[in-house]
Structures are given as structure tokens and as C-alpha cells.
Engineer: 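Structure provided below as C-alpha cells; questions to follow.
First listed ligand is number 1; within each ligand, the first listed atom is number 1. For clarity, every value in this text was computed on a predicted model and none was experimentally measured.
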Amino acid sequence: MANFEKMLVAFFIFAIAPSIVLVDATFSDSMYLTWGLQHASLQADNLSLVLDQNSGSAAQTKIPYLFGSFESRIKLVPGNSAGTVTAYYLSSTGNKHDEIDFEFLGNISGQPYIIHTNVFTQGNGSREQQFYPWFDPTADFHNYTIHWNPTEIVWYVDSIPIRVFRNYQSAGIAYPNQQGMSLYTSLWNADGWATRGGLVKINWSGAPFIARYNQFRARACPFNGPASINQCAANIPSNWWTSPLYKQLGYASLGQLNWVRSNYMIYDYCKDTKRFNGQLPPECYKQQF
Ligand SMILES: *[C@@H]1O[C@H](CO)[C@@H](O)[C@H](O)[C@H]1NC(C)=O
């Protein structure tokens, strides 16, 4: 295309989509380190979080978002990672906060990690689902994606959906759609609960522990206060996450989800009748995916 034509196209796109909402930037463009600066590193498209006896480390996005997709490739702490937790999650701030979690609970060498997921709405969590990975998450990078739109949240591992949380606001069940959330990553000492429920402690002779992240992409709607609540949910082409395509998983994806649930799921709050004294949280009685 000639330059003039390119300019015309650019002008046209800008004219029909006055609010450019797509963000597509590298780690170092979109995040900053917040903890453990002395040993963590954030360069170009690579983030390394380090945990030693002095401190863990953490990074977060510079801005909050409302809806979109957040993906990163992550290579978890290898070897004896018992007691460590590597996290990748969205969270708002304040006491009625929303949160969507991926947490990776380490283990002693040769024993499986746990992929721990949860969702908080208006400050309430207790919606854990846990899975064993079907691969060694420390041998290589794997893609972990949180997809969040007005109708559902989907957690993906290497493009395979492992969990869905649907919007049942019409039935009085809170859904995260009013508060912007930032994306956080962290690596810390959680040996009070992470491995075999806290039985296995960190072995510091293996320190420093390192978790590596790369290719972070937030294709998401920047949250700029209350006006964004309607803007980011508006059913317009530039809000790609509102497309009917993303309202429910397709047939093939549902098949993958069921494969993960039947072979790798190790905990589902919606099956834990004992914990909830026989009365499960209301969304557990709805169609879940
Ligand atoms: C660690 O390994 C033990 C034994 O195989 C297993 O029961 C546990 O679920 C594994 N993962 C974590 C994070 O505790």
C-alpha cells in the first residue's frame, strides 16, 4: 500500500473506533517491579522473579483493566520448589475487591505442582478449583491465560480451558464487572499452606528460587474510572471480548475442559458439600460452563 493509502486506512480505523482499547505491549512496557527489586529482573519481554531467605518478589501492570485477555508464558521454579508459590492473577483494590487467580503451588522434586484457581467477587472468595498439570511445568515455558468478559471468565493452559466462571448476576450472584483489576505476578514463601497443606517446608539450601515469565500480553480494556464500566462492556467490534464467539465455549473447547476435569482436577469447591454444610454456593447449582 502506498503511504497515503495507509494513512487513509489508519484514519478510517481511528474514525470508526474512537476509543482505541487494545493494549499489546511487552512486560517492561506494561509492568513494574514492586517487591524484591534487589534480585528480580524485568527486561524487554522477560521477567524473572526470585525468592531467597531475604525476600520474594513481585511485579504488576502500570494500569488496571476491565475485561480482555491476559496471557503470559511461565516456567515455574524447578527442582525442590516445595513451599513456594508462583502467582499470576488479576485483582482490584479495596475491601470489596474482585480477584481472578492462577497460583502454582510447588513441590519436592519429582512430585507434582498444583495449579490453584480462585475467583473473588465483592471481597468473597472460597471458590477454589485445583488441578495437576498434564506436563512438567518446570521443564519449559507454558502459556497461562485469563480470559475475562462480561459473560464469563475462562482460565486457559496452553489454549486448553481448565475452568469457567459464568456471570449469574441476574440470579443475584456477584460477578466482577464494576472494578478495574491490575495483573500481578509474584513468587513468595507460602510454606504455611502450599505443599501438602503446609506439611512440607521450604528447603532453603535450594535457594535462590526463580520463576520465569515472558511474552506477557494484555489485550484488554484500560480502566479509567466509572465511565469505563459501560465503555469496556459495550458490544462494539473494538471490544473483541464482547463478540458472541466468547459468550460460551464451543464444542471442541468443552471437550477439552471435560478432559481436564475428569483426568486432572483434584479439588472443586462445588463438590465440597462438607465444607459448606450441605449448601453449596449458589453458582454451583447453575450450568457451570
Ligand atoms: C505434592 O506431592 C504430593 C505427593 O505426591 C501430593 O499429594 C500433592 O498434591 C503435591 N502437590 C502439592 C502442591 O502439595
Engineer: Among Ile114, Ile108, Asn107, Ile115, whose heavy atom sits nearest atom 2 (O) of ligand 1?
Structural biologist: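 Nearest heavy atom to atom 2 (O) of ligand 1 lies in Asn107.
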Engineer: How close does the nearest protein non-hydrogen atom get to atom 14 (O) of ligand 1, and which residue and atom is it?
Structural biologist: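 Residue, atom and distance for the closest contact: Arg196 N, 2.8 Å.
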Engineer: To which protein heavy atom is atom 5 (O) of ligand 1 closest, and what is the distance rounded to 0.1 Å?
Structural biologist: Gln111 OE1, 2.5 Å
Engineer: Check whether any side-chain heavy atom of Arg217 sits under 4.5 Å from a side-chain heavy atom of Ser72, and report yes or no.
Structural biologist: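 Side-chain contact under 4.5 Å: no.
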Engineer: Please could you name the atoms of ligand 1 that Tyr132 approaches to less than 4.0 Å, counting only its heavy atoms?
Structural biologist: 6 (C), 7 (O), 8 (C), 9 (O)
Engineer: When you measure from the heavy atoms of Gly106 to every atom of ligand 1, does any distance fall below 4.0 Å?
Structural biologist: yes
Engineer: Rounded at 0.5 Å granularity, tell me how far OH in Tyr285 sits from OH in Tyr168.
Structural biologist: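 Taking OH in Tyr285 and OH in Tyr168, the distance rounds to 14.5 Å.
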Engineer: Which is it for Thr195 and ligand 1 at heavy atoms under 4.0 Å: side chain, backbone, both or neither?
Structural biologist: both
Engineer: Please answer whether the main-chain N or O of Glu152 pairs with a side-chain N or O of Tyr175 as donor and acceptor at a distance below 3.5 Å.
Structural biologist: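 Judged by distance alone, yes, a pair lies under 3.5 Å.
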Engineer: Please list, in number order, the atoms of ligand 1 under 4.0 Å from a heavy atom of Leu105.
Structural biologist: 13 (C)
Engineer: Does a side-chain heavy-atom distance below 4.5 Å link Asn46 with Phe27?
Structural biologist: no
Engineer: Quick one: closest heavy-atom pair of Phe67 and Cys232, and the distance?
Structural biologist: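 That closest heavy-atom pairing would be CD1-O, 3.5 Å.
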Engineer: Indicate yes or no for a side-chain donor-acceptor contact from Asn277 to the backbone of Gln279 under 3.5 Å, with no hydrogens or angles considered.
Structural biologist: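 No, the answer is negative, given that no donor and acceptor are paired below the 3.5 Å cut-off.
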